[in-house]
Amino acid sequence: MDEQPRLMHSHAGVGMAGHPGLPQHMQEGTGGADGDGRKQDIGDILQQIMTITDQSLDEAQARKHALNCHRMKPALFNVLCEIKEKTVLSIRGAQEEEPPDAQLMRLDNMLLAEGVSGPEKGGGSAAAAAAAAASGGAGADNSAEHSDYRAKLAQIRQIYHTELEKYEQACNEFTTHVMNLLREQSRTRPISPKEIERMVAIIHRKFSSIQMQLKQSTCEAVMILRSRFLDARRKRRNFNKQATEILNEYFYSHLSNPYPSEEAKEELAKKCSITVSQVSNWFGNKRIRYKKNIGKFQEEANMYAARTAVNATNVSSHGSQANSPSTPNSAGGGSLTHSAHNDETLRFMSSPFLCRIRSLRNS
DNA sequence: TAGAATGATTCGTG
DNA sequence: CACGAATCATTCTA
């Protein structure tokens with residue numbers, strides 16, 4: 001087959017034309033002495049093209065070959081390209097102009113914020129730290145969950161990057177393939193370089209939508225991981241013994257009015273390494289449970305009262321201040337000697353808190 | 001493993 | 001919004 005080199009040669013001639021689309025000899029063809037002859041030429045070519053399907057395969061091949069070598073072929077291709085450009089592509093081009101995708105930007109931002117698409121080092125640690133802060137939990141034993149979270153995030157990150165790489169490779173391969181195909185076909189079909197460019201853009205858009213799906217599902221995975229992580233942290237975990245003791249100490253030494261002020265709650269929270277709302281929860285639960293079953297808590301109450309008394313004795317003998325958090329709401333304060341404890345008990349018996357308990361019992 | 005203990009959540013109320 | 005009350009869900013313990 002010696003068709004190709006000759007075809008390529010004839011195609012190269014298109015670029016040599018003075019006008020993009022109409023080569024010199026065609027532009028001149030509108031008038032002049034041999035104008036009628038050229039019109040005749042074009043008419044012949046068109047006639048041959050129209051009738052090519054009626055011929056046998058061999059005849060058609062021969063005719064095709066002859067047409068490809070025809071001196072008017074480049075010009076005809078250019079004209080056809082121009083017509084195509086003005087009709088189909090212009091419509092398609094106008095339709096497919098898209099504004100910058102806001103959703104894609106959101107996804108990109110989220111992936112960056114979660115450390116999935118950003119730089120490798122420290123990825124996700126910010127999110128983990130934020131989650132840890134949100135938990136407000138007792139610090140040390142969360143490290144296992146942190147590393148678990150980070151490991152899962154790294155896994156997602158790796159999958160994302162692998163898939164992205166695959167996508168980019170596939171996109172490049174496909175684009176190259178289509179470009180080669182179109183270049184190849186442009187020898188026998190009127191395909192302009194601009195059209196090839198457009199086709200590449202279309203392919204990129206299509207792959208871009210796949211990329212968006214990838215980003216979307218990655219975002220979903222991160223969200224699920226995060227919610228699971230946070231849910232896991234919401235799991236109830238008993239406070240450590242020291243924290244419980246601090247809280248009980250406060251509760252029983254302020255039994256007449258076990259409602260710590262905001263400042264006292266903050267101080268307790270700090271001491272116990274828990275959040276203020278956890279302190280509130282604890283006091284809420286404690287009050288209601290104490291109220292429901294005073295008898296059951298009596299022993300505990302006595303124990304803490306005795307302990308508070310001992311502390312108070314030590315404090316007064318050392319002349320320093322009580323270590324208990326300050327409480328504007330407190331009727332009793334922290335310093336209780338044995339007799340003071342009796343006073344405290346008396347006050348407790350008539351305290352608003354227990355009055356409410358009694359009225360509840362009577363009703 | 002059942003039941004108790006306990007931290008968290010939800011809902012109604014003042 | 002703080003609180004009480006009921007309830008849920010998990011952990012502890014015998």
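Because the structure is predicted, anything quoted here is derived from the model rather than measured.
A close approach under 4.0 Å does occur between a side-chain nitrogen or oxygen of A:Asn281 and OP1 or OP2 of B:dA8. Dashed line: the shortest gap from a side-chain N or O of A:Lys292 to OP1 or OP2 of C:dA6 is under 4.0 Å. Using a 4.0 Å cut-off, some side-chain N or O of A:Arg287 falls inside it from OP1 or OP2 of C:dG4. For A:Tyr259 and C:dG4, the shortest distance from a side-chain N or O to OP1 or OP2 is below 4.0 Å. Contact annotation: A:Gln278 reaches the phosphate of B:dA8 (side-chain N/O to OP1 or OP2, under 4.0 Å).
Nucleotides of DNA chain C nearest to A:Asn285 and A:Ser280 differ in position, and the one nearer the 5' end is that of A:Ser280.
A search for salt bridge (charged side-chain N to carboxylate O under 4.0 Å, His left out) contacts involving A:Lys166 returns A:Glu163, not counting sequence neighbours. By the ring pair (Phe, Tyr, Trp, His ring centres under 6.0 Å) test, A:Tyr160 is found to be paired with no residue, residues two or more places apart in sequence or in another chain being considered. Every salt bridge (charged side-chain N to carboxylate O under 4.0 Å, His left out) that A:Lys286 has, sequence neighbours left out, goes to A:Glu300. Judged as a salt bridge (charged side-chain N to carboxylate O under 4.0 Å, His left out), and not counting sequence neighbours, the contacts of A:Arg307 are A:Glu245. Remark: A:Asn109 engages no residue in a side chain to side chain contact (heavy atoms under 4.5 Å, CB included) (not counting sequence neighbours).
Between the C1' atom of B:dT13 and the CD1 atom of A:Ile288 lies a distance of 13 Å, rounded to the nearest Å. The nearest whole Å value for the distance from the CD atom in A:Glu266 to the P atom in C:dA2 is 12 Å. The separation between A:Lys291 atom NZ and C:dC3 atom P is 12 Å, rounded to whole Å. As rounded to whole Å, 7 Å separates atom C1' of C:dA2 from atom NZ of A:Lys265.
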Hey, what are the protein-to-nucleotides 4-6 of chain B N/O distances that come in under 3.5 Å?
from, atom 1, to, atom 2, distance (Å)
B:dT6, O2, A:Arg236, NE, 2.8
B:dT6, O2, A:Arg236, NH1, 3.4
B:dT6, O2, A:Arg236, NH2, 3.4

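Counting heavy atoms of neighbouring residues, nucleotides and ligands inside a 6.0 Å radius, atom NE2 of A:His204 exceeds 12 of them.
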